[in-house]
Every structure is written in structure tokens, then in C-alpha cells.
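These notes are about the structure you will find just below.
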Amino acid sequence: MKIYHTTQGLRKKLDQLPATSSIGFVPTMGALHQGHVSLVKTALKENSQVVVSIFVNPTQFDNATDLQKYPRTIEEDASLLEKTSSHIIVFAPTPAEIYGNNIVSKAYNFDGLENEMEGKHREGHFDGVGTVLNHLFRIVTPAKAYFGEKDFQQLQIVRSLVKIEKLPVQIVGCPILREKSGLAMSSRNARLTNVQRREAAFIFKTLTTIKENFNHKSIPALTRMAEEAFRKNPHLRLEYFEIAHANTLKTAKRKQKNAPYRAFVAAFSGEVRLIDNMALT
Ligand code: AMP
């Protein structure tokens, strides 16, 4: 499988495609797993050409250790993609290729979406995400781009980004792939010990319990219930649990009829930060 490391090389390849081609794009940070593959498979069904980018974007990390320890497994990634389809184009640029010698992000206003949950706990994260995707969308020129609901806040922010930047790309949200235990697949799971991995399924179990109780309890009571459950669990340190409106991502105080709600969790297992979420309605 050929991996393109430069914009020029990638563009040359894409410019040779038939004019009728539709490009489906799956941006990733690599250390690929079946969750990524599910996005790629959806993209393969809906487009004549699929591009997968592998780029650990420095501007979206607020923590230097997390950036440094982020798993980088380009050879395994390429072979997993090759097994999925030999026609995938892989773009794995260097930071200099994307940012030149000025690795900074643009300041975005995503209508408040960027100030909730992940935005409160990871300073500048969504400016970094917006900046890199704006670059990548302009390089790859996809008709459709695929994002996992695993990063639900990111998905909503990307929808906002393409409006702000007036990018002609359709954003497609894809369901969360989970391990048998319920643990959401994540590149960061590779950093967990076997015990931590087993215990991390508690996040999914708690989300499921909250969903089961959603119709019988108030939102503050459900939030207390989840927080209490995490407090009793010695294996995980809860950063936040929130029930929020799925579109505005604002914390919900009381249920409104027919409004879409989701529960969101960020928790640490050792020094590994895990996130997950679930639709409640
Ligand atoms: P990442 O490499 O973590 O930046 O993820 C790249 C894309 O894959 C993002 O759109 C993620 O939301 C998506 N993704 C990551 N994990 C999963 C999963 N378990 N199920 C579905 N999509 C996922």
C-alpha cells in the first residue's frame, strides 16, 4: 500500500482520478482499530475513492506527555487498511507539511459547542481539531467525511466547522464500535493493562444503567447516581459525567419532551484518559 507523505504527492494522485470520482475521507490519528475500520467500510460503500489520513495532530493536545505517548503504528495501520481494501489512499503527512514552521491553531467560535465538556477540560483542543481538519479538507477535497460518535462533541464541532469555513463536504456520523465487554474501542486502550482494560468496561455499564433509568429519574438524580457509582470504583477516576442536549451540548437540567439527550463521560484509568457517550432518547 502506497502511503503519501506530502500534499504534492497526494494531490498529484487525486488529480489523476476520473472527474466523476467522489472522495470519501476518514481523518484519523492512527493506531487504527476496528472502530476506524467501520468508518472506512462505510466510506467505501458510499464513494468511488477513499482517503484515510494518519496524523497525530500536535495542536489538539494540551498535554505534552499525552502527545508524546500517543501510539504510533503506521506499518500495522497500513496493513489493517490493506486488508480492508487495497484501493485506499493513505495520507500520512509530517507536522511541517500541514503547518509549515508555525505549529499553531486558529481561534474558532463554534457557537459555544467548544466550551462544553471536552472544551472545559482540554484547553485549545477544539481549535486544534478545527485547524487541522480545515487544512486536511482543503488538501483532500472530499465529497463526504466520516466521523465516529465516539467523539460526539467533535462530530458536532466538525459540522459547525464546515459551515464556518464554507467547505463543500458532507459530514457523516458513524456509530461507536465497542469491545465485547462494552468498552468503546480507542487507540488509547493500547496503553491499558489487561486489568485496566477489563475494569474500564465499567464506563459502558454505567452509561447503560443511566439509559435504563432515564425515564424514571430526574437528570440531577441520574447525574448523582453516575457520580456515586464512579466514586465507589477504585479503578477509575471520573473527570466529568454530564447529561446534555445532543445538539447544543449544553448540560440538561430537566427533561423536555422530544428533545434528544446524551450522557457523556471522561474518566482516567491510571494516566490514560478515556471518553465515551450514549444516546438516552
Ligand atoms: P482518532 O484516531 O481517535 O482521532 O479517531 C479517528 C476517527 O475514528 C474519529 O472520527 C473517531 O470518532 C473515530 N473513532 C474512534 N474510535 C471509534 C469507535 N470506537 N467507534 C467508532 N468510531 C471511532
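Counting convention: from 1, in listed order, for ligands and their atoms alike.
Note that Lys255 lies in the cation-pi zone of Phe214, set by a 6.0 Å cut-off to the ring centre and a 45° limit from the axis.
If you look at ligand 1, the protein residues with a non-hydrogen atom under 4.0 Å away are Pro27, Thr28, Met29, His33, Gly35, His36, Leu39, Tyr70, Phe147, Gly148, Lys150, Asp151, Gln154, Pro175, Ile176, Leu177, Met185.
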- Stepwise side-chain contact (heavy atoms from CB on, under 4.5 Å) test for Glu271 and Arg191: CA-CA 9 Å; Glu271 60 172 23; Arg191 292 175 56 200; 3.3 Å; yes
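A donor-acceptor contact under 3.5 angstrom links the side chains of Asn57 and Tyr99, judged on distance only. No side-chain donor-acceptor contact under 3.5 Å links Arg11 and Gln8. The closest side-chain donor-acceptor pair between Asn134 and Arg138 falls under 3.5 angstrom.
Shown here are the side-chain hydrogen bond (donor to acceptor under 3.5 Å, both in side chains) partners of Gln34, two or more places apart in sequence or in another chain: there are none.
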